[in-house]
Structure formats: C-alpha cells, structure tokens
Amino acid sequence: LLFSLTLASGTAPAVAAVETHLLTLAGHASMVDVYAPAAPPRALAVIAHGFTRSRAQHVVLAERLAEAGFLVVVPDLPHSVRHEANADAIVVLVAVMVAERRLDTLPVVLIGTSAGGLAALLAADRVPRLALWIGLDPVDAFGQSRGVARGLRVPAVVLRAPNGACNVVGSARRIATWLPNRRIEQRIASASHCDFEDTTDWRCESICGPADATRQSLIVTETVKMALEAIPD
C-alpha cells in the first residue's frame, strides 16, 4: 500500500461513497476506485476491465452493485497482455481490501470484461470465500484458463456477444464449455464487444462496433441480478 487519496466531490452520494486509492498490487502501482454501500456490505465485488482499458469503463456497474449492497473495487489492471500477472494483482487486491476493511467473513464476487474476465478467472482458485465468477464477453485466445475453469467450484455466469473479431470469434463460448455444470451462459442478441463496457468510448466502438444504451443497461442489470442471486440477504 503506497497511499490513499479520497476524492472530494462536493456533496457525497446518498447511497455509495466513492474513493480512489493508489495501491501496490503484486509489485505494480495501480489506481483503484472503491464504491462503498450505505449499509454494511453483503459481499466484496471486484470488476476487472478489458485489454488496454481502465476502471473508467465500469462506473455504472460499480454504482449499481454498490446500491445493491456490495463493496465494489475497480482497479486499473497493471498489465496489458500479462493476464496471469493481472490475476496476481486481483488476488492481492482482494487480500488488501479484506484486511483493511475487515471483510474476512464476507463472500467475494469476481467480475471481468474481455481480457479482464480471463484475469478474474485465473485468480478464482486463489481468492478465499469466492461465491461467483461473472465473465462479460470474456476472452481467452490461447486457452490459459482451461484448467482453472474446469476446476471452478462456485457458480459461474457468462454473458456474451455474437462471434466477432474482438471476442476472438466467440471465445466466451469456449470458456463456458470448460466450466462445470453450475453455470449460466447467456447470449446478448446483436451486442458488440463494447456493450459490455457500461461506459465505453469511440476507441472501442471504432474497433469493435457501436454500443447501444439499451443493451448496456441490460448487461448491467443482468450482472447485478446474478450477483444478488448468488449472495441473497
């Protein structure tokens, strides 16, 4: 832990307070947004962004999860293509948050988009009290996660787009086939890879296709719903 910075934003939100921290995760400095619910949290949720993206891509999902009672952490992953190293960072991040916030009895949800879905899955077998993994059009081009996926002992959810270049021609479908029976796979009709970022931008859309606000909202809603079903009151 290097230091923490609390972002002052005038009037604090009624439901979730948002803080930004600079943390050392597996030897690399990373900015991390923390969304705290108004009441004691039901669980810890980590959201991992995709290739060359940032924590800015998941503001809406983080806010919605915090409103639903999760303590949500969204890091800037330290590596672009070293997915195992990003998994290491996620494992350290969970440990830091559990220690600092005294969350040692709470379940954990790992959520990842695109390559972040791969990193979160690679971290899954090293995260204590993991209750759910959610892949949002996750990408695993070389089968790195096959062993972890096949050994996953918690429920898993895969929300995916139709096959396309940006999801390595339906990589999420292959990941879903490796998962044990406790899984849900849902295809979002007509979705682009960018729809799985709730706060996307022109750079993603110019490469991976236009996003649609209705589809983005559906994906956020389904993600929160699955998290709540895995960890009810």
Side-chain angles (χ1 to χ4, degrees), residues 1-2 21-34 44-58 61-62 72-99 107-160 165-180 182-183 185 193 196-197 204 208 223:
L1 175 62
L2 296 181
H21 301 270
L22 179 60
L23 304 180
T24 297
L25 304 177
H28 294 268
S30 296
M31 301 303 294
V32 179
D33 287 341
V34 180
L44 171 65
V46 179
I47 305 174
H49 63 75
F51 172 69
T52 72
R53 311 301 279 159
S54 79
R55 66 192 194 282
Q57 267 61 70
H58 292 294
L61 176 57
V72 187
V73 290
V74 192
D76 282 340
L77 295 175
H79 306 282
S80 293
V81 295
R82 294 180 59 200
H83 308 301
E84 288 276 9
N86 281 336
D88 293 342
I90 291 170
V91 172
V92 172
L93 176 59
V94 171
V96 168
M97 296 305 301
V98 166
V108 178
V109 175
L110 296 182
I111 303 167
T113 299
S114 190
L118 169 58
L121 186 52
L122 291 173
D125 63 349
R126 293 178 284 155
V127 171
R129 298 176 308 284
L130 182 66
L132 177 68
W133 170 79
I134 301 177
L136 302 178
D137 211 24
V139 170
D140 183 357
F142 302 106
Q144 286 176 263
S145 68
R146 183 184 287 117
V148 174
R150 286 177 172 170
L152 196 65
R153 293 295 176 260
V154 299
V157 175
V158 174
L159 303 181
R160 64 178 182 85
C166 286
N167 61 17
V168 194
V169 194
S171 176
R173 294 183 66 188
R174 293 190 293 276
I175 294 172
T177 65
W178 300 330
L179 295 165
R182 298 176 67 189
R183 72 173 189 264
E185 179 188 351
H193 199 54
F196 295 84
E197 298 179 340
C204 181
C208 298
T223 302

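Values reported hereafter were calculated over all heavy atoms of this structure, with side chains retained and with hydrogens, waters and symmetry mates removed. Sequence positions, counted from 1, serve as the residue numbers for this chain.
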Of the non-hydrogen atoms in [X] and [Y], which two are nearest, and what is the gap between them?
| X | Y | result |
| --- | --- | --- |
| L152 | A124 | CD1-CB, 3.7 Å |
| A172 | D137 | CB-OD1, 4.1 Å |
| V108 | P128 | CG2-O, 3.7 Å |
| D140 | R146 | OD2-N, 4.3 Å |
| P138 | L159 | CD-O, 4.1 Å |
| P107 | A131 | CB-CB, 3.9 Å |

Rounded to the nearest 0.5 Å, what's the gap from [atom1] on [X] to [atom2] on [Y]? Could you check?
| X | Y | atom1 | atom2 | result |
| --- | --- | --- | --- | --- |
| H83 | F51 | NE2 | CZ | 8.0 Å |
| T177 | E185 | OG1 | CD | 8.5 Å |
| H21 | S30 | NE2 | OG | 13.5 Å |
| W133 | L122 | CH2 | CG | 10.0 Å |
| L61 | T223 | CG | OG1 | 5.5 Å |
| R150 | I175 | CZ | CD1 | 12.5 Å |

Worksheet item: With distance as the sole test, does R183 use its side chain to make a donor-acceptor pair with the main-chain N or O of A176 at under 3.5 Å?
Response: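 Judged by distance alone, yes, a pair lies under 3.5 Å.
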Fill in: Donor-acceptor contact present, side-chain N86 to main-chain H79, <3.5 Å
yes
Discussion item. Once side chain to side chain donor-acceptor pair (under 3.5 Å) is applied, what residue pairs with a partner in residues 88-99 remain, sequence neighbours excluded?
Written reply: D88-R126
Item to complete: From the options H193, Q57, H49, H58, select the one residue that forms a side-chain hydrogen bond (donor to acceptor under 3.5 Å, both in side chains) with T113.
Response: H58
Worksheet item: Pick one: which of V98, V46, L110, L93 meets side-chain contact (heavy atoms from CB on, under 4.5 Å) with V127?
Response: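 Testing V127 for a side-chain contact (heavy atoms from CB on, under 4.5 Å) against V98, V46, L110, L93 leaves exactly one candidate, L110.
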Taking the side chain as C-beta and beyond, is there a heavy-atom pair between [X] and [Y] under 4.5 Å?
| X | Y | answer |
| --- | --- | --- |
| L118 | V139 | no |
| F196 | S114 | no |
| M97 | L44 | yes |
| V73 | V94 | no |

Discussion item. Quick one, V72 with D33, criterion side-chain contact (heavy atoms from CB on, under 4.5 Å). Give me CA distance, side-chain angles, the key distance, then yes/no.
Written reply: CA-CA 8 Å; V72 187; D33 287 341; over 6 Å; no
